[in-house]
Amino acid sequence: MNWIILIIAGLFEVSFATCLGKAKEAVGTDAYLWYTGFFVSLTISMLLLIKATETLPIGTAYAVWTGIGAVGTVLMGIFVFKEPAEFWRLLFLATLVGSIIGLKAVSH
């Protein structure tokens, strides 16, 4: 169950990074709403990470959490913020995904 909680925490990390990017582009009230989304997502992500580390090793949980956040944020950058999807970028993203899966596979 805590692996599912950790994955959800990682998705909220993607959410807070996306909100931060959108807030940078927004003005006025819209910017404040994106910053509110950032703080709410950040809080939920951290609370879920704390919950997941009750039974998962901290090193593995943190690495998986940041990995999900990194992969998700890069994908959001490509699809939402129109960042380039170059070969090397995607190759290293794939190696990161492989590393996350590897950490999950060797953790007890």
Side-chain angles (χ1 to χ4, degrees):
M1 182 65 182
N2 279 331
W3 281 106
I4 294 169
I5 291 171
L6 184 62
I7 291 168
I8 295 168
L11 294 175
F12 273 102
E13 184 183 3
V14 175
S15 175
F16 77 69
T18 302
C19 287
L20 193 58
K22 295 298 267 182
K24 186 175 74 172
E25 296 176 349
V27 294
T29 304
D30 286 345
Y32 289 118
L33 291 173
W34 284 113
Y35 283 123
T36 300
F38 165 79
F39 285 114
V40 169
S41 296
L42 177 67
T43 302
I44 293 170
S45 182
M46 292 295 166
L47 290 172
L48 291 174
L49 177 62
I50 291 167
K51 175 68 177 152
T53 59
E54 289 176 356
T55 59
L56 300 175
I58 186 68
T60 301
Y62 184 76
V64 170
W65 177 76
T66 58
I68 292 169
V71 169
T73 302
V74 168
L75 292 174
M76 290 299 288
I78 291 169
F79 293 113
V80 174
F81 297 104
K82 308 300 182 210
E83 294 175 359
E86 299 166 344
F87 170 77
W88 289 110
R89 201 166 186 212
L90 297 176
L91 175 69
F92 290 121
L93 191 62
T95 62
L96 181 57
V97 170
S99 297
I100 294 167
I101 291 169
L103 280 172
K104 163 71 169 95
V106 299
S107 294
H108 303 285

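The structure displayed is predicted, hence computed values, not measured ones.
- Hydrophobic clustering of Ile, Leu, Val, Met, Phe, Trp and Tyr side chains at less than 4.5 Å, counting indirect connections, unites Met46 with Tyr35.
- Nearest heavy-atom pair, Gly67 versus Leu96, reported as atom, atom and distance to 0.1 Å: O-CD2, 4.2 Å.
- There is no path of hydrophobic side-chain contacts, each under 4.5 Å, that joins Tyr32 to Trp34.
- Atom-to-atom distance recorded for Ile58:CD1 and Thr53:OG1 is 4.5 Å, nearest 0.5 angstrom.
- Atom CE of residue Met76 and atom OG of residue Ser15 lie 8.0 Å apart, to the nearest 0.5 angstrom.
- Distance alone, capped at 3.5 Å, is enough to place a donor-acceptor pair between the Thr66 side chain and the Ala63 backbone.
- Atom OG1 of Thr29 is separated from atom CG of Leu33 by 6.5 Å, given to the nearest 0.5 angstrom.
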| message | Is there a side chain to side chain contact (heavy atoms under 4.5 Å, CB included) between Trp3 and Val64? Walk through the geometry before answering. | response | CA-CA 10 Å; Trp3 281 106; Val64 170; 4.0 Å; yes
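- From Ile8, atom CD1 reaches atom NZ of Lys51 across 12.5 Å, with rounding to the nearest 0.5 Å.
- Taking the six-membered ring where the residue is Trp, Trp65 and Phe16 present tilted rings, their angle falling between 30° and 60°.
- Hydrophobic cluster membership is shared by Leu90 and Ile68, with clusters built from Ile, Leu, Val, Met, Phe, Trp and Tyr side chains linked at under 4.5 angstrom.
- Annotation: side chain of Arg89 is in contact with side chain of Ile78 (closest heavy-atom distance under 4.5 Å).
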| request: Take Phe81 and Thr18, measure what side chain to side chain contact (heavy atoms under 4.5 Å, CB included) needs, and give me the verdict at the end. | output: CA-CA 9 Å; Phe81 297 104; Thr18 302; 4.3 Å; yes
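- Here the side chains of Leu49 and Leu6 are in contact, with some heavy-atom distance below 4.5 Å.
- Interatomic distance, Leu56 CG to Leu103 CG, rounded to the nearest 0.5 Å: 12.0 Å.
- Tracing side-chain contacts under 4.5 Å through hydrophobic residues (I, L, V, M, F, W, Y), one never reaches Leu42 starting from Ile50; they form parts of separate clusters.
- Thr95 places a side-chain N or O within donor-acceptor distance of the main-chain N or O of Phe92, the cut-off being under 3.5 Å.
- The distance from the CG atom of Leu20 to the CD atom of Glu25 is 11.0 Å, given to the nearest 0.5 Å.
- Both Leu75 and Ile101 belong to a common hydrophobic cluster when Ile, Leu, Val, Met, Phe, Trp and Tyr are linked at side-chain heavy-atom distances under 4.5 angstrom.
- Panel note: side chain Thr73, backbone Val14; no donor-acceptor pair is recorded below 3.5 Å.
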